[in-house]
K.L.:
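The structure is given below, and queries will be raised subsequently.
What's counted below: heavy atoms across the whole structure, side chains too, no hydrogens, waters or symmetry copies.
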Amino acid sequence: MSKSDNPKPGAEAANKMWGGRFSAPPAEIMEEINASVGFDKVLAPQDIRGSKAHAAMLAEQGIISKADAREITRGLSQVADEIESGAFKFSRALEDVHMNVENRLREIVGPAAGRLHTARSRNDQVALDFRLYIRDRLDEFDGALHVLLHALAAKAERHAATVMPGFTHLQPAQPVTFGHHLMAYVEMFARDRSRFADARSRLNECPLGAAALAGTSFPIDRHMTAAALGFDRPTANSLDSVSDRDFVLETLAAATICAVHLSRLAEEIVVWMTPQFGFVRLSDGLTTGSSIMPQKRNPDAAELSRAKVGRIAGSFQSLVLVMKGLPLAYSKDMQEDKEVTLDALSSLALALTAMTRMVEDMTPVEDALRAAAGRGYSTATDLADWLVRTLKLPFRDAHHVTGSIVKDAERQGVDLDQLPLKAMQAIEPRISNDVYSVLSVENSVASRTSYGGTAPQNVRKMARTWLKRLEKAGRTG
């Protein structure tokens with residue numbers, strides 16, 4: 001027998017929780033692989049909330065005495081205070097947060113603590129605690145996205161008419177406005193908020209009372225505990241109750257999509273801050289320098305936000321692979337759901353906060369944006385549209401004529417609005433001086449008045465609509 005296989009002295013406390021089936025404490029390697037308290041201790045507030053609701057229900061149903069329920073509740077409140085103050089000492093020998101709380105409760109209130117686990121298993125207990133935790137984090141994300149959306153919409157309203165280049169393939173395409181660009185992210189993050197809300201709605205069923213896997217013979221009231229903990233209803237199948245982790249997978253999937261959106265915006269901030277673009281500035285507080293190059297101003301907050309998607313998407317994939325082959329009901333494999341999920345959700349919370357700060361801090365360099373908007377013949381589509389509207393050319397013919405005009409402007413080294421009228425008439429004789437009215441970037445963006453288009457009046461109206469919607473949600477929510 002190797003040293004690592006020897007039973008670890010002092011581990012008998014864990015066996016007291018398991019009952020009389022075992023006569024020896026776990027081997028050291030068993031404790032090492034089995035213990036989860038190092039990361040699941042963050043579930044302590046949810047564990048205590050669930051235990052208080054369970055105790056109240058047991059007393060109401062006459063399963064335990066009201067006096068024991070009061071003692072249990074008092075003891076749990078003391079445990080919560082000790083944890084919050086930092087006085088509580090978590091023990092790896094007690095395996096997880098649930099056993100740590102229960103063991104300390106027994107020290108405080110004595111034998112009454114042993115009655116708390118009546119009609120309950122760690123299987124439904126951990127399922128409950130994790131649902132409560134995920135629900136709490138989803139509520140935090142809802143608030144964080146509300147703040148980010150407000151920051152984006154407010155900046156978009158201020159820059160509804162600030163012209164910038166729009167890109168496809170990262171090549172100049174058509175002029176848009178800075179406000180319009182930001183409003184695209186409002187739509188993205190609003191969908192993320194909706195996905196989180198959907199995930200919250202689906203997870204809001206209470207698994208407590210499913211016990212190990214088959215329910216219980218005690219006359220419990222699952223609807224009472226569900227209502228006490230803010231759930232819409234109890235879960236309907238005891239097997240599913242303890243083996244389901246869809247609510248975690250769905251949350252991680254939504255978190256991954258949200259992180260992708262954060263990464264895309266972060267990438268643009270990184271590109272925009274390069275001297276080659278020079279589109280935006282961030283203050284000293286959100287940039288860093290170099291230990292060797294004194295001139296550097298690095299957008300590290302954006303780069304780190306961009307990188308978080310790797311951890312979050314990896315966590316989602318990790319849990320998918322854990323769950324894909326598990327038979328019903330509970331398997332210890334499912335303990336692997338906590339560590340990756342806790343890391344992913346913490347990473348997303350940090351990235352959301354960092355992005356909000358960057359959006360609030362970010363200053364567009366309007367001259368640079370305006371100059372770049374006019375490069376790359378970005379009003380070529382406006383010229384083609386003019387040929388269709390004014391000369392009644394079929395669009396494909398107009399497209400061909402415009403391509404020839406762009407080619408000539410490129411040969412002469414001038415922008416479209418600087419190309420002489422005679423040069424354009426050499427390609428299409430009916431072109432008149434009126435064509436120059438559509439070749440400026442300001443006129444180009446002003447003309448895009450279709451719903452969802454980049455016209456400043458559109459952008460301003462949409463930004464104000466969103467700000468009012470967010471303000472109303474803040475008042476009612």
Side-chain angles (χ1 to χ4, degrees), residues 149 152-191 261 264-265 268 271-272 277 279-280 359 364-403 405-406 409 415-419 424 428 431-469:
L149 287 166
L152 286 163
K155 185 141 291 186
E157 182 188 22
R158 288 197 296 275
H159 293 282
T162 300
V163 178
M164 70 172 288
F167 297 95
T168 61
H169 310 277
L170 205 55
Q171 300 294 317
Q174 292 177 297
V176 294
T177 73
F178 191 71
H180 191 59
H181 198 106
L182 294 182
M183 288 303 297
Y185 284 101
V186 168
E187 297 297 326
M188 291 186 206
F189 290 122
R191 291 194 296 272
H261 293 154
R264 294 182 72 179
L265 180 51
E268 294 199 304
V271 171
W272 290 348
F277 277 76
F279 285 0
V280 299
V359 169
V365 183
E366 297 187 27
D367 290 345
L369 289 167
R370 168 63 179 79
R375 290 195 289 267
Y377 309 103
S378 62
T379 58
T381 304
D382 299 273
L383 172 56
D385 289 346
W386 183 90
L387 292 170
V388 170
R389 281 195 312 269
T390 306
L391 303 186
K392 309 303 181 187
L393 289 180
F395 183 81
R396 287 303 173 198
D397 294 344
H399 187 286
H400 182 79
V401 169
T402 300
I405 293 172
V406 167
D415 291 331
L416 283 178
D417 59 354
Q418 297 171 332
L419 188 67
M424 287 189 260
E428 170 49 66
I431 294 177
S432 68
N433 199 60
D434 179 64
V435 74
Y436 291 102
S437 66
V438 302
L439 297 183
S440 73
V441 291
E442 287 80 10
N443 286 342
S444 175
V445 297
S447 71
R448 307 292 172 182
T449 56
S450 59
Y451 183 80
T454 191
Q457 66 193 57
N458 287 19
V459 176
R460 198 170 288 111
K461 180 179 179 181
M462 190 59 70
R464 289 172 179 171
T465 297
W466 267 106
L467 289 169
K468 289 178 182 177
R469 187 183 304 172

K.L.:
Drop me the distance from Glu268's CD to Phe167's CZ, to the nearest 0.5 angstrom.
P.N.:
8.5 Å
K.L.:
Around atom CZ of Arg460, are there more than 12 heavy atoms from other residues, nucleotides or ligands closer than 6.0 Å?
P.N.:
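Above 12, so yes.
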K.L.:
What are the two closest non-hydrogen atoms of Ala384 and Ala398, and how far apart are they?
P.N.:
O-CB, 3.6 Å
K.L.:
Over all heavy atoms of both residues, which pair between Ala156 and Val459 is shortest? Give the atoms and the distance, please.
P.N.:
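Shortest heavy-atom contact: O-CG1, 4.1 Å.
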K.L.:
For a quick test of reading the model, state the closest non-hydrogen atom pair linking Val441 to Ser378 and the distance between them.
P.N.:
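In this case the closest contact between Val441 and Ser378 is CG1-OG, 4.1 Å.
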K.L.:
How long is the straight-line distance from CG of Leu439 back to CG of Asn443, given to the nearest 0.5 Å?
P.N.:
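Going from the CG atom of Asn443 to the CG atom of Leu439 covers 9.0 Å.
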K.L.:
When you look at Leu391 and Ile431, which way does the side-chain contact (heavy atoms from CB on, under 4.5 Å) test go after all the steps?
P.N.:
CA-CA 8 Å; Leu391 303 186; Ile431 294 177; 4.3 Å; yes
K.L.:
What I'd like to find out is whether the side chain of Met183 reaches to under 4.5 Å of the side chain of Val186, using heavy atoms alone.
P.N.:
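Yes, side chains in contact.
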K.L.:
Is Val280 close to Leu369 at the side-chain level, that is, under 4.5 Å between some pair of heavy atoms?
P.N.:
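A side-chain contact under 4.5 Å is absent here.
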K.L.:
Specify the closest pair of heavy atoms between Ala446 and Ala455, including all atoms of both residues, with the distance to one decimal.
P.N.:
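Taking every non-hydrogen atom into account, O-CB, 3.8 Å.
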K.L.:
Evaluate the side-chain proximity of Arg158 to Phe178: yes if any heavy-atom separation is below 4.5 Å, no if none is.
P.N.:
no
K.L.:
Can you tell me if His399 has over 12 outside heavy atoms packed within less than 6.0 Å of its NE2?
P.N.:
no
K.L.:
How far apart are the closest heavy atoms of Val406 and Ala380, and which atoms are they?
P.N.:
CG2-CB, 4.0 Å
K.L.:
Any chance you could measure Leu149, atom CG, to Leu467, atom CG, to the nearest 0.5 Å?
P.N.:
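With rounding to 0.5 Å, CG (Leu149) is 10.0 Å from CG (Leu467).
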K.L.:
Applying side chain to side chain donor-acceptor pair (under 3.5 Å) between Asp382 and each of Ser437, Ser440, Ser444, report the one that passes.
P.N.:
Ser444
K.L.:
Less than 4.5 Å apart, side chain to side chain, heavy atoms only: is that true for Ile405 and Leu383?
P.N.:
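Yes, their side chains come closer than 4.5 Å.
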K.L.:
Rounded to the nearest 0.5 Å, what's the gap from OG on Ser432 to CE on Met424? Could you check?
P.N.:
9.5 Å
K.L.:
Does CG in Asp367 sit with more than 12 non-hydrogen atoms of other residues, nucleotides or ligands closer than 6.0 Å?
P.N.:
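Counting other residues, nucleotides and ligands, CG of Asp367 stays at 12 neighbours or fewer.
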K.L.:
Using the ring pair (Phe, Tyr, Trp, His ring centres under 6.0 Å) rule, collect all pairs that involve residues 370-396, keeping only residues at least two apart or in two chains.
P.N.:
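Ring pair (Phe, Tyr, Trp, His ring centres under 6.0 Å) check on residues 370-396 returns no pairs.
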K.L.:
Between Pro175 and Thr454, which heavy-atom pair has the shortest distance, and what is it?
P.N.:
O-CG2, 4.0 Å
K.L.:
Taking atom NZ of Lys155 and atom NE2 of His181, what is their separation to the nearest 0.5 Å?
P.N.:
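Those atoms lie 14.0 Å apart.
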K.L.:
Got Arg370 and Glu442 here, is their nearest side-chain heavy-atom distance under 4.5 Å?
P.N.:
yes
K.L.:
Quick one: are Gln174 and Arg448 in side-chain contact, heavy atoms under 4.5 Å?
P.N.:
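When only atoms from C-beta onward are counted, Arg448 and Gln174 do touch, with a gap below 4.5 Å.
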K.L.:
Are the side chains of Arg264 and Tyr185 in contact, using a 4.5 Å heavy-atom criterion?
P.N.:
yes
K.L.:
Using 0.5 Å steps for rounding, measure from the CG atom of Asn458 to the OG atom of Ser450.
P.N.:
7.0 Å
K.L.:
Do the non-hydrogen side-chain atoms of Arg191 and Met188 ever get within less than 4.5 Å of each other?
P.N.:
yes
K.L.:
For Leu387 and Thr402, run side-chain contact (heavy atoms from CB on, under 4.5 Å): C-alpha distance rounded to whole Å, both residues' side-chain angles, the deciding distance at 0.1 Å, then the answer.
P.N.:
CA-CA 9 Å; Leu387 292 170; Thr402 300; 3.5 Å; yes
